[in-house]
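Residue numbering restarts at 1 for every chain, and letters A, B, ... go by the order of the sequence lines. None of these values were measured; they are calculated from a predicted model.
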Amino acid sequence: MAASVERADFFERVYDVVRLIPVGRVTTYGHIAAHLGMRSSARMVGWALNAVGYDERLKSIPAHRVVNRLGELSGRMHFETPFVMRERLEAEAVPFIGDRVDLSRCLWQPGED
DNA sequence: TGTATGACCAGTC
DNA sequence: CGACTGGCCATAC
């Protein structure tokens, strides 16, 4: 039981961090994992966000503002359509370079808020 | 119970 | 940033 509680804690911490990402900015799985003390590797951040797409209660979380370390929209296939992620980012004026986000101009790191 | 997989990352060549 | 390696850890089969 303790284990499942810890897992739930980790998921919620990920959601809390994602909710803090300012409009027009993005962060990466690795930065979130590092901010949480790397207790679960960056892969678990992806798992937490994967749950967002399957849980109606979590739709308010701006998961589209989380990209991989290269700025790629690696999670776009898990949205309602593969285009939603990019459309939301562009609607927030997030700069793109080809198919990737320009992290040098819009990267946000947990704690800088 | 062991293996494979994944919205990942850092290091190396 | 191409390809590969090792590490990460929950889930699925």
Whole angstrom is fine here: how far is it from [atom1] in [X] over to [atom2] in [N]?
| X | N | atom1 | atom2 | value |
| --- | --- | --- | --- | --- |
| A:F10 | C:dA10 | CZ | C1' | 10 Å |
| A:L36 | C:dC9 | CG | P | 13 Å |
| A:D102 | C:dC1 | CG | P | 11 Å |
| A:L49 | C:dT11 | CG | C1' | 16 Å |
| A:M44 | B:dA7 | CE | P | 11 Å |
| A:L103 | C:dC1 | CG | C1' | 14 Å |

Looking only at C:dA10, B:dC9, C:dC8, the nucleotide nearest the A:A42 side chain is B:dC9
A:R100 side chain, from C-beta outward: closest of B:dA7, C:dC1, C:dC8 = C:dC1
Considering only the C1' atoms, how many Å lie between B:dA7 and C:dG2, rounded to the nearest integer?
-> 22 Å
Could you give the distance separating C:dC8 and B:dG6 at their C1' atoms, to the nearest angstrom?
-> 11 Å
Are there more than 12 heavy atoms of other residues, nucleotides or ligands under 6.0 Å from atom CZ of A:F96?
->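 For A:F96, atom CZ is crowded (more than 12 foreign heavy atoms under 6.0 Å).
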Do A:M44 and A:V17 sit in the same hydrophobic cluster, where Ile, Leu, Val, Met, Phe, Trp and Tyr count as joined when their side-chain heavy atoms come under 4.5 Å apart?
->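 Cluster IDs for A:M44 and A:V17 match.
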Just by distance, do the side chain of A:Y15 and the backbone of A:A48 share a donor-acceptor pair under 3.5 Å?
-> yes
Scan residues 50-84 of chain A against DNA chain C and write down, sorted by residue number, each residue with any heavy atom closer than 4.0 Å; if none is found, say none.
-> none
Pairs meeting criterion side chain to side chain donor-acceptor pair (under 3.5 Å) with involvement of residues 80-89 of chain A, two or more places apart | A:R86-A:E90
The reported gap from NE2 in A:H35 to CZ in A:R13 (rounded to nearest 0.5 angstrom) is 10.0 Å
Can you tell me how far the OG1 atom of A:T28 sits from the CG atom of A:N68, to the nearest 0.5 Å?
-> 8.0 Å
Contact nearer the 5' end of DNA chain C, comparing A:W47 with A:S41 =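 So the residue in question is A:S41.
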Below 4.0 angstrom, N of the basic side chain to O of the carboxylate: do A:R25 and A:E92 qualify?
-> no
